[in-house]
Amino acid sequence: MTGAAESSSTGWRRGSVVTPIDQLAEHLLAVGSHHARIAVRDAGVGDGLVQLDAAIHAGGAIEMVAKAAIAEFEPLLLSSGSINKGELLDALAALKDVGIRATRMLRTIDASVAVDMVGRIHPSCAVQAKAASQVLDVRNAAVHMGTVDPGHLAAAVGAMAAYINAILDAQSLDPELFWQEEASEARRLQEARSRRLKRIAEYRIGIAKQVFDLKVETWGEEHREGYIQGLERVRPTFDETLDVDCPACGRSAVLGWTADIEVERDSDGDYYAAVGGMDFEGLRCPVCDLSLDADEAQATGFDGTWVPSPPEVDFYPDWLDEVIDQTDTEAES
């Protein structure tokens, strides 16, 4: 999360290569591709140290590709709160003459923050945030404790492929160019992950259906529908919901999202709450108690993408009423 922009010319240094600052997104994407391809290639190697490196590369790929998507949208969003925005502006927007030398390391947002931010820029990527978090957990274990579990690594690399391909799709980028010689293996890992999640979801659906059928048999026919309708009225608690047919019992279930609330301060020092995004939580059915997490619901065919409605902005501030009243009074006199 720290990088030096120190070179004999304005740009982003990688060894002997200096990338122009206006190509920061391409630079980050290229580095992400490098990390991702190594992770795919080495995840199945039996040597423990090679797998440790693969875990670190997988996490690096998530961070670089997420930051590339942010840089494409607005490079200044990469700045953490610990440095002056003007300093980052100088470095990223090339406001200084050729020959600048960075006087300090640039501090950027953490990988987890980058993942959240990408979800706000590209809502279709938000549903893969859990996959990205899974990869970062494996990376952190490798970086901070030198540990890696082969099973967890294999799952993480499949999750890495799913998350990165979601970003590439959102930006209309060719995955073949990104993955290069590892394209078929990355696709295989992602498909294997999807099949595993679908099997888990189908198992949960089957169990919920069996339990529901047994429960219904204990209800008398005369009161059965009334019981079911009563259960349907007990809606799961989410900030936003969408009614869907339950894949287990066929009754009314919901897809649920929780709001990512951020409390900030305005220029006057007053606090206000802002909704930073909506996190997909999965499917819940109050009738048969089926519960699918976000990944399982997606694998079953439910789309967890939350596209926010256009914000309701008040372009008619209170002070304007006073001006209009004063103008009317002056006109009447």
Side-chain angles (χ1 to χ4, degrees), residues 1 3 14-15 27-69 110-116 118-119 124-171 173-201 203 293-296 298-299:
M1 287 104 47
R14 187 175 73 231
H27 166 81
L28 293 171
L29 193 65
V31 176
S33 171
H34 166 76
H35 283 306
R37 287 182 285 115
I38 293 177
V40 168
R41 185 191 67 204
D42 292 347
V45 176
D47 183 86
L49 290 177
V50 174
Q51 290 191 338
L52 198 69
D53 288 342
I56 296 171
H57 282 297
I62 292 290
E63 182 167 355
M64 291 296 100
V65 175
K67 288 182 175 179
D110 292 340
S112 58
V113 177
V115 169
D116 289 341
V118 169
S124 61
C125 298
V127 295
Q128 296 292 348
K130 183 179 177 182
S133 296
Q134 179 184 358
V135 182
L136 294 176
D137 286 344
V138 171
R139 188 273 300 267
N140 289 343
V143 170
H144 300 300
M145 291 300 295
T147 62
V148 60
D149 178 270
H152 292 168
L153 175 60
V157 174
M160 176 198 71
Y163 180 73
I164 289 176
N165 283 335
I167 292 182
L168 297 178
D169 183 65
Q171 294 188 291
L173 298 174
D174 186 355
E176 297 289 330
L177 293 178
F178 178 89
W179 294 106
Q180 299 178 31
E181 70 278 4
E182 304 298 341
S184 60
E185 181 63 11
R187 186 163 49 249
R188 185 192 69 79
L189 289 169
Q190 181 178 351
E191 290 171 353
R193 176 178 183 269
S194 296
R195 288 193 299 270
R196 182 180 62 83
L197 289 170
K198 189 173 182 179
R199 285 197 301 270
I200 294 172
Y203 174 78
D293 68 19
D295 287 338
E296 294 162 358
Q298 286 276 131

Trainee: Roughly how far apart are R196 CZ and E191 CD, rounded to 0.5 Å?
Mentor: 14.5 Å
Trainee: If the condition is salt bridge (Lys or Arg N to Asp or Glu O under 4.0 Å), which residues does R187 pass it with, not counting sequence neighbours?
Mentor: E176
Trainee: Can you give me every donor-acceptor pair (side chain of residues 44-57, partner residue at least two apart or in another chain, under 3.5 Å) with its distance?
Mentor:
| unit_1 | atom_1 | unit_2 | atom_2 | d |
| --- | --- | --- | --- | --- |
| D47 | OD2 | L49 | N | 3.0 |
| D47 | OD2 | V50 | N | 3.0 |
| Q51 | NE2 | A43 | O | 3.4 |
| Q51 | NE2 | V45 | O | 2.8 |
| H57 | ND1 | H35 | ND1 | 2.9 |

Trainee: Would you say the side-chain atoms of S33 and R37 include a donor-acceptor pair closer than 3.5 Å?
Mentor: yes
Trainee: Taking all non-hydrogen atoms of both residues into account, name the closest pair between G60 and R139 and its distance.
Mentor: N-NH1, 4.2 Å
Trainee: Please evaluate residues V40 and M160 with respect to the criterion side chain to side chain contact (heavy atoms under 4.5 Å, CB included), reporting the C-alpha separation (whole Å), side-chain torsions for both, the decisive distance (0.1 Å), and the verdict.
Mentor: CA-CA 9 Å; V40 168; M160 176 198 71; 3.8 Å; yes
Trainee: Hey, which of V115, V118, I167 is the one that makes side-chain contact (heavy atoms from CB on, under 4.5 Å) with V65?
Mentor: I167
Trainee: Taking N165's backbone N and O only, do any of them form a donor-acceptor pair with D169's side chain (distance below 3.5 Å, no angle check)?
Mentor: no
Trainee: Measure the CD1-CH2 distance between I164 and W179 for me, rounded to the nearest 0.5 Å.
Mentor: 4.0 Å
Trainee: In Å, rounded to the nearest 0.5 Å, how long is the span from CD1 of I62 to OH of Y163?
Mentor: 6.5 Å
Trainee: Sort and list the pairs that fulfil side chain to side chain donor-acceptor pair (under 3.5 Å) and have at least one residue in residues 126-135, not counting sequence neighbours.
Mentor: K130-D293
Trainee: How far does CG of D295 sit from CD1 of I200, to the nearest 0.5 angstrom?
Mentor: 9.5 Å
